[in-house]
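Just below is one structure, and these are the notes that go with it.
Proteins get letters first, then strands, A, B, ... in listed order; numbering begins at 1 in each.
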2 protein chains.
Amino acid sequence: MGYSLDKIDTQILSILQKNSNRTTKSIADELGMTTSPVFERIKKLEKEGYIKKYVAILDNKKIGLKLTVFIGITLQGHTRSYLEKFVTEINNFPEVIECHRVSGNFDYLLKLVVEDIEAYEHFIISKLTLLPYLGNVQSLITLSTGKETNEIDLSII
Amino acid sequence: MGYSLDKIDTQILSILQKNSNRTTKSIADELGMTTSPVFERIKKLEKEGYIKKYVAILDNKKIGLKLTVFIGITLQGHTRSYLEKFVTEINNFPEVIECHRVSGNFDYLLKLVVEDIEAYEHFIISKLTLLPYLGNVQSLITLSTGKETNEIDLSII
DNA sequence: ATTATAAACAGAATAATATTCTTAGAATAA
DNA sequence: TTATTCTAAGAATATTATTCTGTTTATAAT
């Protein structure tokens with residue numbers, strides 16, 4: 001059996017998914033504990049895989065990547081080997097930050113972050129449409145983003 | 001004028017968006033520098049807003065949130081005040097981790113992370129459909145995720 | 001109930017790292 | 001050339017992470 005999370009664990013996770021640079025002491029103070037049990041719990045959460053990694057979130061626009069686009073894709077063939085190949089190819093495109101196999105009106109939904117419309121068109125023409133078995137492609141250009149977070153809802157635990 | 005990034009800055013950003021727990025020394029070694037200039041550059045990147053925050057990325061499924069869903073939404077009214085109200089409401093829903101205003105077949109595209117299909121249905125029935133002016137709602141249920149990262153493409157700089 | 005066993009914790013000690021400081025070397029502009 | 005600014009190196013210091021030891025608390029078996 002796996003490890004099961006208690007209240008304190010979820011509080012720690014909640015804090016770290018907001019700001020992973022908090023010191024152990026500051027977290028311990030907030031929870032009314034000392035540093036050692038908090039430290040041990042964090043290490044356990046990392047080891048057990050509840051925490052996958054620690055990352056810096058960059059400002060896309062400030063860095064020059066001003067456009068987010070979602071692309072709904074339909075494939076013409078659906079053999080297992082072909083689906084796998086499609087995902088493998090997609091993984092090599094750095095402008096694609098998400099690729100989901102979905103049920104509904106599309107087979108795949110991609111999320112891209114690119115410089116601008118030209119960069120997007122370049123992706124479509126010289127990368128995406130070169131993939132075989134590609135069927136319908138529908139783009140959703142992001143005009144503005146009202147919410148975008150990594151914080152998942154831990155209140156259910 | 002803003003600050004402009006050089007090669008070393010983008011290398012630092014690239015490293016930190018993969019793993020923000022790297023020590024200054026380990027980054028400095030990789031770049032063939034000493035810790036102080038690397039430290040100062042990181043502080044500058046934070047201060048100038050290129051780095052927005054440092055976060056822990058959690059394992060959704062392991063925590064019990066096994067389902068990712070995208071929802072394409074059409075509104076019946078498009079006045080400014082109504083669009084703003086819609087986004088405000090959406091921001092109060094913890095299961096919604098992204099909300100994008102898009103052009104194309106929908107007005108908004110949402111990304112949700114929830115426990116399971118029941119939790120998703122509960123969101124639709126007791127939260128989403130209570131919003132006024134709601135038009136068409138189309139769900140894309142994620143079957144599997146082939147790629148999901150925070151790493152944006154810095155090679156363009 | 002009671003004893004054995006394992007977890008979880010507190011508090012102190014130590015090790016590693018971040019942060020600051022001082023100085024020197026390059027680049028830049030007058 | 002000569003200030004002037006920027007960037008870096010290296011050492012000194014301050015914080016913080018990490019380890020360690022002993023104690024308490026919970027847990028489970030008898």
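Legend: residues meeting side-chain contact (heavy atoms from CB on, under 4.5 Å) with B/Q17, ordered by chain and number and at least two apart, are A/L58, B/N150, B/E151, B/I152, B/L154.
Within a 6.0 Å radius of NZ in B/K147, other residues, nucleotides and ligands contribute more than 12 heavy atoms. A 6.0 Å sphere centred on CD of A/E84 holds more than 12 heavy atoms belonging to other residues, nucleotides or ligands.
Using a 4.0 Å heavy-atom criterion, one finds that B/T24 contacts the sugar-phosphate atoms exclusively. Here A/T23 lies in heavy-atom contact (under 4.0 Å) with sugar-phosphate atoms only.
Exactly one residue among B/V69, B/L140, B/T68 makes a side chain to side chain contact (heavy atoms under 4.5 Å, CB included) with A/V102. That residue is B/L140.
A/E95 and A/Y120 form no side-chain donor-acceptor contact under 3.5 Å, judged by distance and modelled atom types alone.
Taking the six-membered ring where the residue is Trp, A/F86 and A/Y108 present tilted rings, their angle falling between 30° and 60°.
End-to-end axis angle of the helix from C/dA1-D/dT30 to C/dA30-D/dT1, using five pairs per end and rounding to 10°, comes to 40°.
Computed from coordinates, the A/I8 CD1 to C/dA10 P distance equals 9 Å when rounded to whole Å. Rounded to an integer number of Å, the gap from CG of B/D29 to C1' of D/dA9 is 14 Å. As rounded to whole Å, 14 Å separates atom C1' of D/dT18 from atom CG of B/N21. Between the CG atom of A/D6 and the P atom of D/dT25 there is a distance of 18 Å, given to the nearest Å. Atoms NZ (B/K25) and P (D/dA9) sit 12 Å apart, rounded to a whole Å. Distance, A/M33 CE to C/dA8 P: 10 Å, rounded to whole Å.
Between the side chain of B/D107 and the backbone N or O of B/L75, at least one donor-acceptor pair lies under 3.5 Å.
Near DNA chain C, meaning a heavy atom under 4.0 Å from it, residues 35-47 of chain A has A/S36, A/P37, A/R41, A/K44 in order of number.
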Q) Going through the distances and angles, do A/K85 and A/E89 end up as a salt bridge (Lys or Arg N to Asp or Glu O under 4.0 Å)? A) CA-CA 6 Å; A/K85 190 164 162 47; A/E89 293 290 341; 3.6 Å; yes
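Within the model, atoms CD1 of A/I57 and CD of A/E148 stand 9.0 Å from one another, a figure rounded to the nearest 0.5 Å.
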